[in-house]
Amino acid sequence: MITTKKRDLQKKREQKKMDKQKRKEIRRSNASGTFEDMIAYVDACGNLTDIPQTPGIVQEIELEDIAISTPRKTDAPTLPQMGYVEHFNENKGYGFIKDSRNGNQYFFHISHAPACITQGHQVTFEVKRGPRGLIAVHIEMATNKSNK
């Protein structure tokens, strides 16, 4: 015994099968199928076209002139930046300096700072890449106390 739901599902499957067969026949009838229609040419700028290029415009390029990778970045000399000590933990010996120009925070360790540094001091520092990101090094006092 076949229920109406099963019969409806069977009709849907058959209809999908017929639709797929029709689409396949339409693709076959519309296909150009010639080899010349499938060829693509590359112009002097490296763009794909369907028009062949004239051979007189070809420019010779030396193999040594082709750069495959990007050049290595050279480290620019770092200029001292201005900021203030936003947080400092004397017991653990670390803190954070907030840059006055862009507001970024940089971690610092007491080994890179003067011994008399405290929270709120205005400082100059340089930024260097550390094991976990950018850190402040070569920290020096700029003025006694900031009003921030």
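Judged as a side chain to side chain contact (heavy atoms under 4.5 Å, CB included), and not counting sequence neighbours, I51 has no contacts. Applying the side chain to side chain contact (heavy atoms under 4.5 Å, CB included) criterion to R129, with sequence neighbours excluded, gives L134. Q15 meets the side-chain hydrogen bond (donor to acceptor under 3.5 Å, both in side chains) test with D19; sequence neighbours excluded. Checked against ring-ring contact (aromatic ring centres under 6.0 Å, His included), F96 has the following partners two or more places apart in sequence or in another chain: F107. Residues satisfying the side-chain hydrogen bond (donor to acceptor under 3.5 Å, both in side chains) criterion with H109, sequence neighbours excluded, are S111. Annotation: salt bridge (Lys or Arg N to Asp or Glu O under 4.0 Å) contacts of K98 (sequence neighbours excluded): E86. When the side chain to side chain contact (heavy atoms under 4.5 Å, CB included) test is applied to N102, the partners found at least two apart in sequence or on another chain are D99, N104, Y106. Residues passing the side chain to side chain contact (heavy atoms under 4.5 Å, CB included) test with N91 are N89, sequence neighbours excluded.
V137 and I117 are members of different hydrophobic clusters when ILVMFWY side chains are connected at heavy-atom separations under 4.5 Å. One hydrophobic cluster, built from ILVMFWY side chains closer than 4.5 Å, cannot hold both I135 and F88; they sit in different ones. The same ILVMFWY cluster, assembled from side-chain heavy atoms under 4.5 Å apart, contains both I110 and V127. Following chains of ILVMFWY side-chain contacts shorter than 4.5 Å, one cannot reach Y84 starting from M82, and the two form parts of different hydrophobic clusters.
From R7, atom CZ reaches atom CD of Q10 across 9.0 Å, with rounding to the nearest 0.5 Å. Distance check, rounded to the nearest 0.5 Å: CD of E140 to CD of E126 gives 8.5 Å. Between the CD1 atom of I97 and the NE2 atom of H121 there is a distance of 12.0 Å, given to the nearest 0.5 Å.
The two atoms that bring T118 and V85 nearest to each other are O-CB, 3.6 Å, heavy atoms only.
Apart from V42 itself, the hydrophobic cluster it occupies contains L48, where clustering links Ile, Leu, Val, Met, Phe, Trp and Tyr at side-chain heavy-atom distances under 4.5 Å.
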Check against side-chain contact (heavy atoms from CB on, under 4.5 Å), S100 and Q122: CA-CA 9 Å; S100 298; Q122 193 81 19; 3.8 Å; yes
